[in-house]
Amino acid sequence: MILVFLGPPGAGKGTQAKKLAEEKGFVHISTGDLLREAVQKGTPLGRKAKEYMDRGELVPDELIIALIEEVFPQHGKVIFDGFPRTVAQAKALDEMLQKRGLKVEYVFLFDVPDEVVIERLSGRRIDPKTGKVYHIKYNPPPPGVEVIQREDDKPEVIKKRLEVYRKQTAPLIEYYERKNILKKLDATKPIDEVYKEILEVIGNGN
Ligand code: ADP
Ligand code: AMP
């Protein structure tokens, strides 16, 4: 089963994908996580991607498509989180899947208004040791866990990322609606309720 998580930054895609990976055995492919890892390691991809990420812009399609080709799992249940983000990426994904005799089963649209996104992104904190994602109010880190804030979760970059989402990524809503695989989620609900909504659609994830 191949799932795509679509929605603005901070909508809760990674939170749900990590939970499904842990509890239901999905392979979680987050281009954001992979890019941050590449930046941290200073790989050629990381060096090319960093300036775009710092500005809140999208990393060029050819780099992202090459990255996905590289990590594409041979089998299993997969969640693509934060990919595709442009129509060109969506078409490339369709081709990659077609070659393997696969297709996207559902695209979950994490529906949340901008105010909620801004609150979630400003309160997001990361444990750099484990990569776990917390929120100062909605999912606070346990005592003793030291957390950091992502550079691109600062207010100026948040604004830019929302603009980029609207211009470059939101057209994918129509792209997947036409294929009849789009499932809208009310992502303003608490973490466990959004999770339940997803399980209702995918039938317990097995
Ligand atoms: P995305 O992967 O879509 O960018 P995240 O999963 O990192 O978003 O979530 C953004 C922030 O919002 C994190 O701090 C996370 O803990 C918090 N969060 C995620 N889902 C919810 C929810 N349903 N209710 C409240 N806060 C949430
Ligand atoms: P995310 O962790 O999904 O919020 O992504 C963080 C940043 O990584 C984005 O603001 C982009 O600069 C870059 N990025 C992640 N995924 C993609 C993608 N599919 N296409 C282009 N850029 C991406």
Side-chain angles (χ1 to χ4, degrees), residues 4-21 28-40 45-46 48-69 71 79-93 108-113 115-127 131-142 145 147-154 156-169 172 185-198:
V4 167
F5 283 5
L6 178 66
K13 304 180 298 293
T15 299
Q16 297 298 331
K18 287 191 173 84
K19 214 167 145 59
L20 284 158
H28 173 206
I29 299 184
S30 155
T31 39
D33 286 351
L34 291 169
L35 289 168
R36 276 184 293 280
E37 202 183 304
V39 169
Q40 220 190 356
L45 169 67
K48 285 182 209 145
K50 187 175 186 310
E51 54 179 309
Y52 297 99
M53 297 170 78
D54 287 346
R55 287 199 297 262
E57 291 168 10
L58 294 186
V59 173
D61 286 336
E62 59 276 16
L63 294 178
I64 299 292
I65 293 164
L67 171 67
I68 293 287
E69 287 274 17
V71 301
I79 298 173
F80 288 105
D81 160 18
F83 169 86
R85 258 174 155 102
T86 62
V87 172
Q89 290 180 19
K91 288 185 173 158
L93 175 63
F108 285 98
L109 174 63
F110 285 63
D111 199 21
V112 267
E115 316 84 82
V116 175
V117 159
I118 291 164
E119 204 205 359
R120 285 189 186 171
L121 289 177
S122 349
R124 176 158 67 183
R125 297 293 183 274
I126 317 288
D127 176 353
K132 279 203 167 158
V133 176
Y134 297 101
H135 190 282
I136 47 174
K137 186 165 154 197
Y138 302 113
N139 184 18
V145 172
V147 290
I148 54 162
Q149 185 172 30
R150 265 170 59 172
E151 277 304 316
D152 60 352
D153 281 346
K154 310 261 159 88
E156 325 77 70
V157 193
I158 291 180
K159 204 172 143 237
K160 176 72 185 173
R161 287 160 73 208
L162 278 171
E163 271 171 40
V164 166
Y165 173 76
R166 245 175 253 121
K167 270 203 204 115
Q168 295 181 262
T169 306
L172 289 180
L185 290 174
D186 178 359
T188 61
K189 290 185 183 165
I191 294 171
D192 287 342
E193 286 183 37
V194 178
Y195 188 68
K196 265 190 221 146
E197 267 195 56
I198 296 173

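Just follow the structure's listing: the first ligand is 1, and inside any ligand the first atom is 1.
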Exercise. Where do D54 and K160 land on the salt bridge (Lys or Arg N to Asp or Glu O under 4.0 Å) test, with the steps shown first?
Worked result: CA-CA 10 Å; D54 287 346; K160 176 72 185 173; over 6 Å; no
For this session: Could you tell me whether G12 and ligand 1 have an N or O pair separated by under 3.5 Å?
Result: yes
Problem set entry | Proximity flag R36 to ligand 2, non-hydrogen atoms under 4.0 Å | yes
Problem set entry | Which of the ligand 1 atoms, numbered from 1, are nearer than 4.0 Å to a heavy atom of V133 | 7 (O), 13 (C)
Exercise. Near Y138, which atoms of ligand 1 are under 4.0 Å from a heavy atom of that residue?
Worked result: 25 (C), 26 (N)
Problem set entry | Exam field: side chain R125 to backbone I136, donor-acceptor pair closer than 3.5 Å | no
For this session: Measure across V59 and Q89 and return the closest heavy-atom pair with its distance rounded to 0.1 Å.
Result: O-NE2, 4.5 Å
Seminar exercise, completed: Among R120, K13, K19, closest by heavy atom to atom 11 (C) of ligand 1 is R120
For this session: Identify whether NZ of Lys or CZ of Arg in R85 sits under 6.0 Å from the centre of the six-membered ring of F83 and within 45° of that ring's axis.
Result: no
For this session: Give the C-alpha distance, both sets of side-chain angles, the deciding distance and a yes or no for side-chain contact (heavy atoms from CB on, under 4.5 Å) between F110 and I198.
Result: CA-CA 10 Å; F110 285 63; I198 296 173; 4.2 Å; yes
For this session: Please could you name the atoms of ligand 2 that L35 approaches to less than 4.0 Å, counting only its heavy atoms?
Result: 8 (O), 13 (C), 14 (N), 15 (C), 23 (C)
For this session: Verify the neighbour count for atom NZ of K189: are there more than 12 heavy atoms of other residues, nucleotides or ligands below 6.0 Å?
Result: yes
Exercise. What closest approach, in Å, do P141 and H135 show between heavy atoms, and which atom pair accounts for it?
Worked result: CD-O, 4.4 Å
For this session: Keeping the roles fixed (side chain from T86, backbone from Q168), state whether a donor-acceptor pair exists under 3.5 Å.
Result: no
For this session: Go through ligand 1 atom by atom and flag the ones less than 4.0 Å from a non-hydrogen atom of T15.
Result: 5 (P), 6 (O), 9 (O), 15 (C), 19 (C)
Problem set entry | Donor-acceptor pair, side chain of K13 and main chain of F80, under 3.5 angstrom | no
For this session: Provide the number and element of each atom of ligand 1 under 4.0 Å from a heavy atom of K189.
Result: 22 (C), 23 (N), 24 (N)
Exercise. Polar-atom distance check: L121 versus ligand 1, any N or O pair below 3.5 Å?
Worked result: no
Problem set entry | Taking atom 16 (N) of ligand 2 as the reference point, the nearest protein heavy atom with its distance | T31 OG1, 2.8 Å
Problem set entry | Short side-chain to backbone donor-acceptor contact, Q16 and I191, under 3.5 Å | yes
Exercise. Any salt bridge between E151 and K154, counting N to O under 4.0 Å?
Worked result: yes
For this session: Show which atoms of ligand 1 fall inside a sub-4.0 Å distance from at least one heavy-atom site of Y134.
Result: 13 (C), 14 (O), 16 (O)
For this session: May I ask you to check whether over 12 heavy atoms, not counting those of Q40, lie within 6.0 Å of atom CD?
Result: no
Exercise. By number and element, which atoms of ligand 2 are closer than 4.0 Å to a non-hydrogen atom of Q89?
Worked result: 18 (C), 19 (N), 20 (N), 21 (C)
Problem set entry | Backbone or side-chain N or O of I191 under 3.5 Å from ligand 1 N or O | yes
For this session: Could you list the atoms of ligand 2 found under 4.0 angstrom from a heavy atom of G82?
Result: 16 (N), 17 (C), 18 (C), 19 (N)
Exercise. Counting heavy atoms only, which of M53, E57, R85, K50 comes nearest to atom 5 (O) of ligand 2?
Worked result: R85
Exercise. Which bit of P190 gets closer than 4.0 Å to ligand 1, counting heavy atoms only: side chain, backbone, both or neither?
Worked result: backbone
For this session: If you have a sec, work out which protein heavy atom is nearest atom 4 (O) of ligand 1 and how many Å separate them, to one decimal?
Result: G10 N, 2.8 Å
Exercise. Within a strict 4.5 Å, meaning less than it, do heavy atoms of the D127 and Y134 side chains meet?
Worked result: yes
Exercise. Taking distance alone, with no angle check, do R124 and ligand 1 share an N/O pair under 3.5 Å?
Worked result: yes
Exercise. Is the shortest N/O to N/O distance between R125 and ligand 1 below 3.5 Å?
Worked result: no
Exercise. Looking only at heavy atoms, is any part of V59 under 4.0 Å from ligand 2, and if so is it the side chain, the backbone, or both, or is it neither?
Worked result: both
For this session: Step by step, work out the side-chain contact (heavy atoms from CB on, under 4.5 Å) result for I79 and F5.
Result: CA-CA 7 Å; I79 298 173; F5 283 5; 3.9 Å; yes
For this session: Would you mind running through ligand 1 and noting each atom that sits below 4.0 Å from a heavy atom of G14?
Result: 1 (P), 2 (O), 6 (O)
For this session: Indicate yes or no: does an N/O atom of G123 lie under 3.5 Å from an N/O atom of ligand 1?
Result: no
Exercise. With a 4.0 Å cut-off on heavy atoms, is G7 touching ligand 1?
Worked result: no
For this session: Output yes when the distance from some N or O of ligand 2 to some N or O of R150 is under 3.5 Å, and no in every other case.
Result: yes
For this session: Say whether V194, considering both its backbone and side-chain N or O atoms, lies within less than 3.5 Å of an N or O atom on ligand 1.
Result: no
Seminar exercise, completed: Of all protein heavy atoms, the one nearest atom 10 (O) of ligand 2 is R161 NE, 4.0 Å
For this session: Please check if atom NZ in K19 has more than 12 non-hydrogen atoms from other residues, nucleotides or ligands closer than 6.0 Å.
Result: yes
